[in-house]
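Read the structure below first, then the notes.
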Amino acid sequence: MRHPLLLTILCVFLLNGLWSCQNTQPTESQPVEAPSWAIAIHAGAGAMDRDSSPEAIEAAREALRRAVRLGSGMLEQGSTGLDTVEAVIQVLEDHPRFNAGRGAVFTADGRHELDASIMDGSNLACGAVAGVRTVKNPIRLARRVMEGTRHVLLAGDGAEAFADTQADIVRVAPDYFSTEERRESLERWKQRQASASDIEVENEWKSTVGCVVLDQYGHLAAGTSTGGMTGKRFGRVGDSPIIGAGTFADDRTCAVSSTGTGEEYIRHSVARDISDRMRYLGFDAQTAAQQVIHEVLQPDDGGVIVVGSDGSIALIFNTEGMFRGAADSTGFFGVGIWEEFGE
Ligand code: ASP
């Protein structure tokens, strides 16, 4: 071509189009009409093995569908964003397939330490717990911290002692959280560790859960719950209970829940960065999330789910897959594990 500038513009245009096609399926399918409510969920950015049995894949999809339907039904009937986020995450915490509540991964010393947080976009109220060991539904305790204390984050023994004072917080024996699959992951992790340094050991993180919502009253809410990473040191706290990293909600911008290598999400304040790009640079949810996941983080770090204050939904990841689902008041509904997304 005789005009290098024209060629460059054409290439950028074509590449941009290609990139958008690969990464924007949720908003592409969302109708133009502004939704009165919207919901997105994730259950971790570590996708399952593509060779898994069709039954196992369908079981995971069905668990996602059920969680989205529960949240959609609540929102449709006028539930608040916070109640919806709490209820949906509790269901995911109770499901042994996911790394939150029952099914949480093991620490290096064979225990479970759970983290969770929740945030109200209408007033920036937030609550979180880290390293809890006997709380059946950490998301519920995080909400109690938000509503019943003047603090944001309670950790370890302090969080357990606070739970002792809350009549409606269900307690369980620590082995309630254990599953055979997670025990096997710990064994694999130990074998790898024997031949690598602490830094080199591949992260085995999978299936943290999160939910973000726009309710009928125009308010946003976000929540995240996790067992963390397989083989984490005891006392390690990831991004999930860190407001601005794993969870963020602000009615002026968006609600975000993250999943991936927590240390990177903390380092880059991922959830807050997405909100800030929307607030200060005027980007929509999709653009802001794409930028942070693909340009700030490194490939394989993880993903995010975002609901904008306009009801737009972004489900973005730089891993092979992310368990995810979304719906809104216009009839948009879908779940996905890898690149596919649909009913
Ligand atoms: N972000 C979580 C953590 O680092 C792990 C995950 O998302 O699966 O604790």
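Both ligands and their constituent atoms are indexed starting at 1 by order of listing.
- Close contacts between ligand 1 and Thr208 involve ligand atoms 2 (C), 5 (C), 6 (C), 7 (O), 8 (O) [criterion: under 4.0 Å to a heavy atom].
- With ligand atoms numbered from 1 in the order given, ligand 1 contributes 1 (N), 2 (C), 3 (C), 4 (O), 5 (C), 6 (C), 7 (O) to contacts under 4.0 Å with heavy atoms of Gly260.
- At least one N or O atom of Gly262, backbone or side chain, sits closer than 3.5 Å to an N or O atom of ligand 1.
- Ligand 1 places these atoms under 4.0 Å from at least one heavy atom of Thr259: 6 (C), 7 (O), 8 (O).
- Considering backbone and side-chain N/O of Met229, none are found under 3.5 Å from N/O of ligand 1.
- At least one heavy atom of Arg236 sits less than 4.0 Å from an atom of ligand 1.
- Proximity of a side-chain donor or acceptor of Ser329 to a complementary backbone N or O of Ser36 within less than 3.5 Å is detected.
- Annotation: Ser258 places no N or O atom under 3.5 Å from an N or O atom of ligand 1; distance criterion only.
- The shortest heavy-atom distance from Gly44 to ligand 1 is not under 4.0 Å.
- A donor-acceptor contact shorter than 3.5 Å links the side chain of Asn99 to the backbone of Gly228.
- The residue among Asp301, Val209, Asp239 with a heavy atom at the shortest distance from atom 3 (C) of ligand 1 is Asp239.
- Taking only nitrogen or oxygen atoms, main chain and side chain alike, Asp115 does not reach within less than 3.5 Å of ligand 1.
- Taking both residues in full, the closest heavy atoms of Leu124 and Ala249 are given as CD2-O, 3.5 Å, listed atom of the first, atom of the second, then distance.
- Heavy atoms only, all atoms of each residue included: Asn318 and Gln298 are closest at ND2-O, 2.9 Å.
- Phe323 and His42 have their aromatic ring centers separated by at least 6.0 angstrom.
- Salt bridge present: Arg236 and Glu263 bring a charged side-chain N and a carboxylate O closer than 4.0 Å.
- Close approach of ligand 1 to Gly228 (heavy-atom distance below 4.0 Å) involves ligand atoms 5 (C), 9 (O).
- A salt bridge does not link Glu113 to Arg133: none of the charged nitrogens lies less than 4.0 Å from a carboxylate oxygen.
- Checked by atom type, the side-chain pair Asn137/Asp94 shows a donor-acceptor distance below 3.5 Å.
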